[in-house]
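Throughout, numbering of the chain's residues begins at 1 and tracks the sequence. Predicted, not measured: the structure shown is a model, and the values here were computed from it.
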Amino acid sequence: MAIQLKNTLDVSSNGIKVLVYGHAGAGKTTLGATMPAPIIISAEGGLLSIKDAGLDYIEVNSMDSLMEAFEYVSGPDGQKYQSVVLDSISEIAEVVLVHEKAVNKDGRAAYGEMAVQMTSIVRAFRDLGGKHVLMTAKVEKAQDESGRILYSPSMPGNKVGQSLPYFFDEVLALRVEKDGDGKAQRALMCDSDGIWLAKDRSGKLDAWEAPDMGAIIEKMSA
């Protein structure tokens, strides 16, 4: 087989792939609407916050509908979209788990099969050629051996949750904090503080960025 040489200068031309996680109500769905020309693949059903955005979306509530969604966005009809948003990958994993529990009487085996399936699903959507991909996730709160509280993306099954950040060069935490006047402010945390997991392998983002994925993608692509 002939070697196919590629160049790192072309990496961003294949689309920016981002994982964003945060608490319920932090604005993850609203953030997805800021992606360039997106289609939303929704497993949460909470699209009220972007009802006026006029965006196309596909509801996913079964393995069949998930596969159909992938075929659509990766096929000719999906070419009109610049971005694909999976909202949320945590809920999609729950859909997969329900499916595996229906065909597997052994609960442990069902979780194992779910982990295998989710690895393939995440990779398939992440590797969509020429498209930006945003996957949102719920937040997992855990405690380390020293009693310190840590936050990271949440998925059913420890194995999947722990491995998820490794699939992405960009893992951002959507935080909501109150300013000096007590007003809630939303921002994307792009660098880990040892409590919240975050990373920016592009090296182009500040420690905190405004919750605008279009501006962030433009900044990373420059």
For a side chain to side chain contact (heavy atoms under 4.5 Å, CB included) check, start with the C-alpha distance between K17 and D169, then their side-chain angles and the critical distance, and finish with the verdict. CA-CA 7 Å; K17 322 295 183 176; D169 288 332; over 6 Å; no
Sequence-distant partners of [X], side-chain hydrogen bond (donor to acceptor under 3.5 Å, both in side chains), two or more places apart:
X: S88; result: E44
X: S152; result: none
X: S192; result: none
X: S154; result: E140

In sequence, state the C-alpha distance, the side-chain angles, and the governing distance for V84 and L128, and then conclude on side chain to side chain contact (heavy atoms under 4.5 Å, CB included). CA-CA 9 Å; V84 176; L128 284 169; 3.9 Å; yes
Heavy atoms, side chains only, cut-off 4.5 Å: are T34 and L31 in contact?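 They are in contact (side-chain heavy atoms under 4.5 Å apart), so the answer is yes.
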Side chains of Y21 and V171 in contact at under 4.5 Å (non-hydrogen atoms):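 The answer is yes; the side chains approach within 4.5 Å.
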Linked, directly or transitively: [X] and [Y] (ILVMFWY side chains, under 4.5 Å):
X: I149; Y: V139; value: yes
X: V176; Y: I195; value: no
X: M114; Y: M67; value: yes
X: L134; Y: L55; value: yes
X: I121; Y: V98; value: no

Indicate yes or no for a side-chain donor-acceptor contact from [X] to the backbone of [Y] under 3.5 Å, with no hydrogens or angles considered.
X: R175; Y: R186; value: no
X: D200; Y: E170; value: no
X: S83; Y: P36; value: yes

Of all heavy-atom pairs between [X] and [Y], which one has the smallest distance, and what is that distance?
X: G32; Y: V85; answer: O-CG2, 3.6 Å
X: L188; Y: P211; answer: CD1-CA, 3.9 Å
X: V20; Y: V18; answer: CG2-CG1, 3.8 Å
X: A137; Y: L19; answer: CB-CD1, 4.1 Å
X: M220; Y: I16; answer: CE-CG2, 3.1 Å
X: A173; Y: L197; answer: CB-O, 4.2 Å

Gap between atom [atom2] of [Y] and atom [atom1] of [X] - 0.5 Å precision:
X: M189; Y: L205; atom1: CE; atom2: CG; result: 13.0 Å
X: I41; Y: L86; atom1: CD1; atom2: CG; result: 4.5 Å
X: F168; Y: K199; atom1: CZ; atom2: NZ; result: 9.5 Å
X: L66; Y: M63; atom1: CG; atom2: CE; result: 6.0 Å
X: T29; Y: I40; atom1: OG1; atom2: CD1; result: 8.0 Å
X: H132; Y: I217; atom1: NE2; atom2: CD1; result: 4.5 Å

Once ring pair (Phe, Tyr, Trp, His ring centres under 6.0 Å) is applied, what residue pairs with a partner in residues 79-122 remain, sequence neighbours excluded?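 Not a single pair qualifies under ring pair (Phe, Tyr, Trp, His ring centres under 6.0 Å).
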Residues that [X] engages under salt bridge (charged side-chain N to carboxylate O under 4.0 Å, His left out), provided they are two or more places apart:
X: E91; answer: K138
X: R126; answer: none
X: E145; answer: none
X: D206; answer: K219

Tell me, with the steps shown, if M118 and L164 meet side chain to side chain contact (heavy atoms under 4.5 Å, CB included). CA-CA 9 Å; M118 285 308 302; L164 186 61; over 6 Å; no
Crowded around Y57 OH? As in, over 12 foreign heavy atoms under 6.0 Å?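 Atom OH in Y57 is not crowded, with 12 or fewer foreign heavy atoms closer than 6.0 Å.
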Is the count of non-hydrogen atoms from other residues, nucleotides or ligands lying under 6.0 Å from Q185 atom CD greater than 12?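 Result for CD/Q185: enclosed.
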Would you say the side chains of S42 and D87 form a donor-acceptor pair under 3.5 Å?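 D87 and S42 do not have a side-chain donor-acceptor pair below 3.5 Å.
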Verdict with reasoning, L150 to Q143, per side chain to side chain contact (heavy atoms under 4.5 Å, CB included): CA-CA 6 Å; L150 305 176; Q143 194 172 33; over 6 Å; no
Partners passing side chain to side chain contact (heavy atoms under 4.5 Å, CB included) against K204 (at least two apart in sequence or in another chain):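 Once residues adjacent in sequence are excluded, the partners of K204 under the side chain to side chain contact (heavy atoms under 4.5 Å, CB included) criterion are S202.
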Non-neighbouring partners of F70 that pass ring pair (Phe, Tyr, Trp, His ring centres under 6.0 Å), sequence neighbours left out: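 In terms of ring pair (Phe, Tyr, Trp, His ring centres under 6.0 Å), with neighbours along the sequence ignored, F70 is linked to F125.
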Residue pairs involving residues 65-80 (criterion side-chain hydrogen bond (donor to acceptor under 3.5 Å, both in side chains); sequence neighbours excluded):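 Qualifying pairs: S62-S65.
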